[in-house]
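Just so it is clear, the model here is predicted, and its values are computed rather than measured. Heads up: numbering here begins at 1 and tracks the sequence.
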Amino acid sequence: MSEPRDIRLKRLTMRSMRRGIKEMDILLTRFAEAELAAMPPEGLDLYDRLLEENDQDLYAWVTGQSPAPEPFAGLIAQIAAPSEAAKS
């Protein structure tokens, strides 16, 4: 049985908030709150898989210390980009 979308969004947002590395908590929470609601199901699938990666790797990818592997490269670029709210 598939998970209802609203429950899935809440679960992914919570997993974004509770990472283990504070910097990743902040970056992923900001991204989740701004982007997840508008993502299509396949985007949510990819984000769910991304959350399975360890924080040290995620941090290295987001900060550009190492390249993000496919298929995460586009998603990592979105996460690393400054939000519209931060630009103003």
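The closest side-chain heavy-atom distance from L27 to F31 is not below 4.5 Å. With a 4.5 Å cut-off on side-chain heavy atoms, R49 and P71 count as touching. Contact of the I76 side chain with the L50 side chain is registered, since non-hydrogen atoms from C-beta on lie closer than 4.5 Å. Between E35 and Y47 there is no side-chain heavy-atom pair separated by less than 4.5 Å. Residues L51 and L12 meet the side-chain proximity criterion, which asks for heavy atoms closer than 4.5 Å. Put simply, the side chain of R8 reaches to within 4.5 Å of the side chain of L44, judged on heavy atoms. For the pair D48/R15, a side-chain contact is recorded, criterion being any heavy-atom separation below 4.5 Å from C-beta on.
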Review point. Do Q56 and I21 pass the side chain to side chain contact (heavy atoms under 4.5 Å, CB included) test, and can you show the C-alpha distance, the side-chain angles, and the key distance before you say yes or no?
Key: CA-CA 8 Å; Q56 290 79 17; I21 294 178; 3.8 Å; yes
Exercise for review: Evaluate the side chain to side chain contact (heavy atoms under 4.5 Å, CB included) criterion for residues L28 and I79: first the C-alpha distance (whole Å), next the side-chain angles of each, then the deciding distance (0.1 Å), finally the verdict.
Suggested key: CA-CA 7 Å; L28 293 177; I79 293 168; 3.8 Å; yes
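Under a cut-off of 6.0 angstrom, the local environment of CZ in R5 is crowded, with over 12 non-hydrogen atoms contributed by other residues, nucleotides or ligands.
The minimum heavy-atom distance linking M39 with L75 is given by the pair CE-CD1, 3.8 Å. Shortest non-hydrogen contact noted between D25 and G20 is OD1-N, 3.5 Å. When all heavy atoms of R19 and E53 are compared, the closest pair comes out as NH2-O, 3.0 Å.
Taken from CG in L36 to CZ in R11, the straight-line distance is 10.5 Å, to the nearest 0.5 Å. Of the inter-residue distances, the one linking E3 atom CD with I7 atom CD1 reads 7.5 Å to the nearest 0.5 angstrom.
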